[in-house]
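We use all heavy atoms of the structure for the numbers below, so side chains are in, but hydrogens, waters and symmetry mates are not.
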Amino acid sequence: MNLVERYPKRNYTPSATPIEKLEHLSRALGGPDIYIKRDDLLGLTAGGNKTRKLEYLVADALEQGADTLITAGGVQSNHARLTLAAAVKEGLKCQLVLEETETHPYNDKASGNNLLYHLLGVEKVKTLQAGQDLTSAMAELNAELQKVGRKGYMIPVGGSNEIGSLGYAVCANEITRQAEQENLYFDHIVVPSGSGGTQVGLILGFSGSRHEHNILGINVSRSTELQEELISGLLERVCSYYDVAGKISENVIRCNGEYVGQGYAIPTEGMIEAVQLVAQTEGILLDPVYTGKAMAGLIDYVRTGQFKEGEKVLFVHTGGSPALYQYAETILSGLKR
């Protein structure tokens, strides 16, 4: 589905991110051929999937005359880091609303993304306890800007709305071109599923193609039922926005909440093993919140025979490795040498 030319876009990545075959990991697991889409190599600071969404969101912000980007996320939010990086790139200011939890309080001297917020020059950080209304907090920051004659642009958690989702419809087109060039067909496309924009964008972009039914979201924060409801709601809004309602069936929505563990950003044994295995077989860093848990799901699907020998599996690496450094003790304590 080609929607690209109708909407304004910034360009933060000069070329397509590569698809690599993970020869050593495939051999170690003894199942299907595993490939990886290296969206950890996207542009902006330290890369990651939010860059694709921000190319459209920031273009919209600039068209509206915004001078400040406002967004929200967890205390180690990759999305917050990349929104801030996009603001720097465009000469804008950026303000963040960060959600604390009992296991992850905000510490402005912490490593990982917390360090990068300050290194990149965040203008303001507002912290909330878990469960408080992030959107209302962003609106309050926006109102404060308006009082002093400035114009903010609010970006939802993960950049996952109608505009941001377009970034992964474009990614689906990119994957299709790369697969055709290499004469590849992916039986399964595995993606971390959180705020939903990445999975919904892929569903939109692959609509009508032979990969349409092959997308599997591995949840990072919710049960299967709740995540599929979230994806369904966002997909409905996206389809209405792009005037493709009725052209995409809901039976393409597949999520799995079995690898979340005790909750969002809380480590699991499977995540630690996945981060270690990919690092030590392929030299690629996953993150503890998104790609580590999603890869743990992929590994389990191989071991339980749901992904079979002879099949080809594409893993979409959505980035996030700066968060590894805030989880150093957890990761090191689980390493097998």
Heavy-atom pair with the smallest gap, counting every atom of [X] and [Y]:
X: Glu23; Y: Glu282; result: N-OE2, 3.3 Å
X: Ala137; Y: Leu128; result: CB-CD1, 3.6 Å
X: Asn113; Y: Pro322; result: OD1-CB, 3.5 Å
X: Pro192; Y: Val316; result: CD-O, 3.5 Å

Between [Y] and [X], does any NZ, NE, NH1 or NH2 come within less than 4.0 Å of an OD or OE carboxylate oxygen?
X: Glu228; Y: Arg254; answer: no
X: Glu174; Y: Arg52; answer: yes
X: Asp67; Y: Arg150; answer: yes
X: Glu123; Y: Lys93; answer: no
X: Arg27; Y: Glu309; answer: no

Quiz item: Which residue pairs satisfy the ring-ring contact (aromatic ring centres under 6.0 Å, His included) criterion with at least one member in residues 272-307, sequence neighbours excluded?
Solution: His188-Phe307, Tyr264-Tyr290, Tyr301-Phe307

Quiz item: Which pairs, with at least one residue in residues 75-133 and sequence neighbours excluded, count as a ring-ring contact (aromatic ring centres under 6.0 Å, His included)?
Solution: His104-Tyr327

Quiz prompt | His213/Phe206 aromatic ring centres below 6.0 Å | solution = no

Quiz item: What about the rings of Tyr35 and Phe186, do their centers lie closer together than 6.0 Å?
Solution: yes

Quiz item: If you draw the axis of the six-membered ring of Tyr56, does the NZ or CZ of Arg10 fall within 45° of it and under 6.0 Å from the ring centre?
Solution: no

Would you kindly confirm whether [X] and [Y] end up in one hydrophobic cluster when ILVMFWY residues are joined by side chain heavy atoms under 4.5 Å apart?
X: Leu96; Y: Leu134; result: no
X: Tyr7; Y: Leu62; result: yes
X: Leu202; Y: Leu184; result: yes

Quiz item: Stepwise, does the side chain to side chain contact (heavy atoms under 4.5 Å, CB included) test hold for Ser193 with Val220?
Solution: CA-CA 6 Å; Ser193 192; Val220 300; over 6 Å; no

Quiz item: Which of these, Thr71, Thr68, Asp60, sits in a side-chain hydrogen bond (donor to acceptor under 3.5 Å, both in side chains) with Tyr153?
Solution: Asp60

Quiz item: Applying the side-chain contact (heavy atoms from CB on, under 4.5 Å) test to Met138, which of Ile155, Val157, Val97, Asp133 qualifies?
Solution: Val97

